[in-house]
Amino acid sequence: MTGRMFLLILVAAALAGCGRSGETTRCDAEASSAVVFSAPDANDAVEARAIGADCGAAVAVLAVRSHEGVPIYAWAAPMHPTFGDSFAPRVETPLSRQEMQAFLDRWAAAASATTGAAPAWHEGIVTPFSRETYEDIRDRNAPMLCFLSSVARETCIYWESGVAAAGVLAERDAPGAAAPDERFLPGQTGRE
């Protein structure tokens, strides 16, 4: 009887260890940076998060919060395939939490500018607006924030002060984009 009791205790301990192991392998991580976006003197924030059972199965979330802490824009997608094979599930060399954190630190440092810096209208531009509306928004030099939204692509959002809301202006090739697997490896800046 004591042998069976010992075996039951050993099995229970092993199962409990499996549960703890699953908890420690989660890839929940976050980074943030300050940005001026909703007003000239605002201290808004860009928050980048990874949420997942492990780093090879994580979801990317980017949110912009006003200086009052109110969310004013949000975007989400699976890390893989959105950001390339660097985020794919891998058995031999899984993406580490430290590598994910390095990516989030760079991703949260979204580039701010004004809409005047948006690319000039051309037939292939990806925008929800007509040419006239797009050019009007560019001419107004409204606050603009661009963040990586896929491999070597950025989404640029702008702040429309008249309605106190953010909206997508356009998608564009990311400036200085490297090859997908080189862009997010440890030690890379991602925005060169």
Side-chain angles (χ1 to χ4, degrees), residues 10-37 43-67 69-113 126 144-157 166-192:
L10 186 60
V11 169
L15 289 174
C18 288
R20 280 194 301 275
S21 153
E23 291 171 14
T24 58
T25 61
R26 284 197 61 84
C27 195
D28 297 339
E30 63 184 70
S32 65
S33 68
V35 66
V36 174
F37 183 62
N43 190 18
D44 301 328
V46 175
E47 298 172 347
R49 297 178 194 277
I51 304 166
D54 63 59
C55 291
V59 171
V61 179
L62 185 124
V64 180
R65 291 187 183 272
S66 73
H67 57 282
V70 176
I72 54 179
Y73 183 81
W75 179 93
M79 295 294 284
H80 179 264
T82 305
F83 295 116
D85 289 338
S86 295
F87 297 95
R90 296 178 289 199
V91 176
E92 291 84 30
T93 56
L95 187 70
S96 72
R97 194 162 189 279
Q98 292 77 18
E99 290 170 312
M100 181 64 79
Q101 186 65 54
F103 168 77
L104 294 175
D105 290 341
R106 291 187 306 271
W107 194 34
S112 60
V126 180
M144 183 175 74
L145 185 67
C146 297
F147 64 91
L148 196 68
S149 55
S150 69
V151 176
R153 295 287 289 170
E154 287 186 322
T155 294
C156 295
I157 62 173
V168 173
L169 178 62
E171 287 186 21
R172 66 180 184 182
D173 291 336
D181 287 339
E182 296 171 4
R183 188 172 168 87
F184 302 115
L185 295 177
Q188 301 293 316
T189 63
R191 216 180 258 284
E192 299 174 346

ask   = Can you find a pair of side-chain heavy atoms, one from Cys146 and one from Met144, that are under 4.5 Å apart?
value = yes
request  = Mind telling me whether Phe83 and Phe103 have parallel, tilted or perpendicular rings, with 30° and 60° as the class edges?
outcome  = tilted
query = Looking only at atom types and distance, does a side-chain atom of Asp44 sit under 3.5 Å from a main-chain N or O of Phe37, one as donor and one as acceptor?
reply = yes
Taking atom [atom1] of [X] and atom [atom2] of [Y], what is their separation to the nearest 0.5 Å?
| X | Y | atom1 | atom2 | value |
| --- | --- | --- | --- | --- |
| Met100 | Cys55 | CE | SG | 4.5 Å |
| Glu154 | Cys156 | CD | SG | 5.5 Å |
| Thr155 | Phe147 | OG1 | CZ | 4.5 Å |
| Arg106 | Gln101 | CZ | CD | 10.5 Å |
| Asp54 | Arg97 | CG | CZ | 12.5 Å |
| Leu104 | Met79 | CG | CE | 6.0 Å |

inquiry  = Suppose we screen for side-chain hydrogen bond (donor to acceptor under 3.5 Å, both in side chains). Which residues come up paired with Glu171, at least two apart in sequence or across chains?
reply    = none
With sequence neighbours left out, write down each residue that passes side-chain contact (heavy atoms from CB on, under 4.5 Å) with [X], or none if nothing qualifies.
| X | value |
| --- | --- |
| Asp28 | Arg26, Ile51 |
| Asn43 | Ala34 |
| Ala108 | Ala31, Ser33, Ala48 |
| Ala77 | Trp75, Thr82 |

query = How far apart are the closest heavy atoms of Ala174 and Leu148, and which atoms are they?
reply = CB-CD1, 4.2 Å
message = Quick check: closest heavy atoms across Ala110 and Leu145, and the distance to 0.1 Å?
response = CB-CD1, 3.7 Å
inquiry  = Which residues pass the salt bridge (Lys or Arg N to Asp or Glu O under 4.0 Å) test with Glu47, not counting sequence neighbours?
reply    = Arg49, Arg65
